[in-house]
Structure formats: structure tokens, C-alpha cells
Amino acid sequence: MDDIKIGEILLPGDEPTQEKQERTVRAKFWPTLKKAVRQVPLGRDVVAAFYCATDRDTPLRVRGVLLAALGYFVMPIDVVPDVLAFIGFTDDIAVLTTAIALINSNIKDRHYLAADRALADEDLAETTKS
């Protein structure tokens with residue numbers, strides 16, 4: 001996955017595009033995360049990014065970048081199919097890592113606290129048990 005492709009994926013888009021992306025992310029984020037939680041090393045950061053992206057106090061451009069990255073994470077059509085165990089999530093991880101690095105200062109303590117609560121949730125905890 002090259003930088004140009006990641007750069008294209010992370011374009012924040014206009015407000016209607018972001019609204020559509022947010023609906024998709026809200027609908028598909030948790031089921032996708034539950035499938036990927038053992039394979040995505042940045043689980044806490046990804047969940048905090050979700051809360052940051054859906055926080056109306058987050059600047060619009062930052063929300064757009066995060067929604068684009070999270071949208072890529074939840075989309076069933078992917079550069080590398082996610083069903084290929086760990087390899088399938090490498091492109092998702094690259095996109096998410098880049099997005100989080102770009103906007104890290106906008107992910108607040110409250111987003112990490114919400115992520116910690118979500119990751120402690122029994123349904124998600126059941127998914128991580130082997």
C-alpha cells in the first residue's frame with residue numbers, strides 16, 4: 001500500500017460525504033472491530049478514533065479524516081481481503097495508523113476513556129477470549 005493510495009483514502013470530503021461516511025461507520029464499526037480485535041494491534045486507538053470521529057466537538061476536517069479511515073476499515077471491499085487472517089488487516093492498519101498519526105492531538109482523554117469502557121464491555125470481551 002503506497003502513500004498516494006493512503007492519501008487518497010484519507011481525504012476528508014465535504015460535509016454530505018462525511019455524513020454518509022459517518023452513517024456507514026456507525027453501522028459497521030462494532031461488528032467489524034469484533035471480528036478484527038485479535039488482529040488489530042491498535043485496538044484502543046482505533047476505538048478512541050471512533051469516538052473522536054463521532055464527537056461533534058472534533059474539528060470537521062479531523063472528523064473527515066477519521067471517518068474516511070474508519071470507513072475503509074469497515075468496508076467489505078478492500079485492497080487485501082480481511083478474511084486472510086492477519087494479512088487481510090495490514091492495509092486497514094496502515095490507513096488507521098496514518099490517520100491517527102495525522103490527528104493524534106485531537107483524540108482527547110475522554111475518547112480514550114470511552115474506548116476503555118467499550119473494550120471492557122462483556123460482548124467485546126467475549127469476542128477476544130480464545
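Rounding to the nearest 0.5 Å gives a distance of 7.5 Å between CZ of R117 and OH of Y51. Rounded to the nearest 0.5 Å, atoms CG (N104) and OG1 (T97) are 11.0 Å apart. Annotation: the span from R44 atom CZ to D116 atom CG amounts to 4.0 Å, rounded to 0.5 Å. The distance from the CD1 atom of I107 to the CG atom of D45 is 6.5 Å, given to the nearest 0.5 Å.
For D55 and R63, the salt-bridge test fails: no basic side-chain N is under 4.0 Å from an acidic carboxylate O. Salt-bridge formation is detected for the pair E22/R56: a Lys NZ or Arg NE/NH1/NH2 atom is positioned less than 4.0 Å from an Asp or Glu carboxylate oxygen.
The two residues V74 and F29 have their closest heavy-atom pair at CG1-CA, 3.6 Å. Shown here for S105 and K108, the closest heavy-atom pair between the two residues is O-NZ, 3.2 Å. Considering every non-hydrogen atom in both N106 and C52, the closest pair reads O-SG, 3.3 Å. Annotation for I100 and V46: closest pair CD1-N, 4.2 Å, computed over non-hydrogen atoms. Shown here for L67 and Q21, the closest heavy-atom pair between the two residues is O-CG, 3.1 Å. The minimum heavy-atom distance between A69 and A99, with the atom names listed, is CB-CB, 3.5 Å.
Taking the side chain as every heavy atom from C-beta outward, L70 and L96 approach each other to under 4.5 Å. Residues F50 and L66 form no side-chain contact, since every pair of their non-hydrogen atoms from C-beta on lies 4.5 Å or further apart.
With a 6.0 Å radius and a threshold of 12 heavy atoms from other residues, nucleotides or ligands, E19 has its CD atom above the threshold.
Panel note: side chain T24, backbone K20; a donor-acceptor pair is recorded below 3.5 Å.
Not counting sequence neighbours, R23 has no partner by the salt bridge (charged side-chain N to carboxylate O under 4.0 Å, His left out) test.
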